[in-house]
Amino acid sequence: MDGHLGAAFFDRPTRRVARELLGAVFRTRGPGGVRAVRLVEVEAYVARDPANHAFGGPTRRNRSMFGPPGTLYVYRIHRVVCANVVTRRGEAVLLRAGAPLLPADARPSGPGRLARALGIEFADDGRRIGDGRWEIERDGPGVPTARIVAAPRVGISRATDRPLRFAVAGDPWVSRPRPPVT
DNA sequence: GAAAAGATTACCT
DNA sequence: GGTAATCTTTTCC
């Protein structure tokens, strides 16, 4: 399944989408030009998941999470924005870290820094894949299961035991706290 | 209208 | 390892 990923890619179980996004190239085209990273860390937010912003149904803030597969959900936390891609209704994958592919990309380790490196702003909330602003491409077989580490998600206070954080084992761009390398 | 919490980060010891 | 910064959204009175 190489090449550019469309809405059909995201219309699948969220955990699977999350794992298959590892190693994929996330590219944006904005006022600052083209920026790109190779994803090395993501988190899944699923149905009936108390840590999910969509838990409890649609609100003004999370409305993008109820858009079609391949919708960008951008939220603010403190003074930072973080980006997710919606999979199925009310579920999404948080983009946490990537390896920079272009010189202009500041260290994209951590969700806030990744979004900043890609030039993603709060105004991009609700944009859909295929609208020309951002795209995702797979240029290889993806990260083999043996090299994916699953760990509890970062920074949440509920459902803290679920292993829905996925990262490329040992990759230097994975954010802190680093999951065990095992 | 007021208060509390937050899917973070940077800087301190 | 701990804490402050900082501000919007949500929730409660």
Side-chain angles (χ1 to χ4, degrees), chain A residues 10 12-22 24 26 28 32 35 37-67 69-100 104-129 134 136 148-168 171-181:
Chain A
F10 296 99
R12 298 182 304 143
T14 302
R15 285 174 201 72
R16 184 167 179 194
V17 172
R19 299 177 75 104
E20 293 185 13
L21 280 176
L22 294 178
F26 193 106
T28 59
R35 312 200 198 182
V37 303
R38 188 177 301 278
L39 296 172
V40 300
E41 180 190 353
V42 298
E43 285 178 357
Y45 288 85
V46 299
R48 296 178 298 283
D49 172 6
N52 188 339
H53 284 176
F55 185 73
T59 64
R60 182 195 199 95
R61 176 204 197 194
N62 68 21
R63 68 193 187 288
S64 295
M65 285 201 66
F66 296 88
T71 297
L72 213 55
Y73 166 55
V74 182
Y75 68 90
R76 288 191 245 246
I77 175 79
H78 293 80
R79 191 172 189 159
V80 170
V81 302
C82 303
N84 304 248
V85 182
V86 174
T87 56
R88 287 176 171 168
R89 184 175 175 76
E91 303 192 4
V93 176
L94 170 67
L95 310 179
R96 282 199 62 90
D105 299 328
R107 314 182 171 286
S109 185
R113 301 171 87 178
L114 174 63
R116 190 178 59 177
L118 289 170
I120 294 173
E121 301 173 344
F122 184 60
D124 294 314
D125 182 48
R127 288 189 184 277
R128 291 163 62 169
I129 193 166
W134 62 278
I136 298 181
I148 297 178
V149 55
R153 294 169 292 184
V154 178
I156 57 173
S157 57
R158 292 179 293 182
T160 53
D161 55 333
R162 305 187 65 173
L164 294 176
R165 179 193 188 193
F166 303 104
V168 178
D171 191 287
W173 292 102
V174 172
S175 67
R176 294 192 161 107
R178 294 279 177 73
V181 190

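Here is the naming used below: chain letters follow the sequence lines, and residue numbers restart at 1 for every chain. Because the structure is predicted, anything quoted here is derived from the model rather than measured. Quick note: numbers below take in every heavy atom, side chains included, and nothing from hydrogens, waters or symmetry partners.
- Residue L72(A) comes nearest to S64(A) through the heavy atom pair O-CB, 3.8 Å, listed as atom of the first residue, atom of the second, then distance.
- Every ring-ring contact (aromatic ring centres under 6.0 Å, His included) that F26(A) has, sequence neighbours left out, goes to W134(A).
- The distance from the CZ atom of F10(A) to the CZ atom of R16(A) is 13.5 Å, given to the nearest 0.5 Å.
- Identified under the side chain to side chain donor-acceptor pair (under 3.5 Å) test for residues 108-117 of chain A, with sequence neighbours left out: none.
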### Task
Kindly express the pairing pattern of DNA chain C in dot-bracket notation, using | wherever a base pairs with another strand and counting only Watson-Crick or G-U pairs under 3.5 Å.
|||||.||||||.

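- When the options I156(A), T14(A), V86(A) are evaluated for a side-chain contact (heavy atoms from CB on, under 4.5 Å) with Y45(A), the one that passes is I156(A).
- Residue Y75(A) forms a side-chain contact (heavy atoms from CB on, under 4.5 Å) with just one option from N84(A), D125(A), V80(A), and that option is N84(A).
- Closest approach of D49(A) to R153(A), counting heavy atoms only: OD2-NH1, 2.6 Å.
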## Note on the structure
Protein heavy-atom contacts under 4.0 Å, written 5' to 3' over nucleotides 5-13 of chain B as B (base), S (sugar-phosphate only) or - (none), form the string -BBBSS---

Pick out the pairs of N or O atoms, protein on one side and nucleotides 11-13 of chain C on the other, that lie under 3.5 Å.
none

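- Closest heavy-atom contact between A115(A) and V81(A): CB-O, 3.4 Å.
- No more than 12 heavy atoms of other residues, nucleotides or ligands sit less than 6.0 Å from atom CZ of R15(A).
- Residues satisfying the salt bridge (charged side-chain N to carboxylate O under 4.0 Å, His left out) criterion with R38(A), sequence neighbours excluded, are D139(A).
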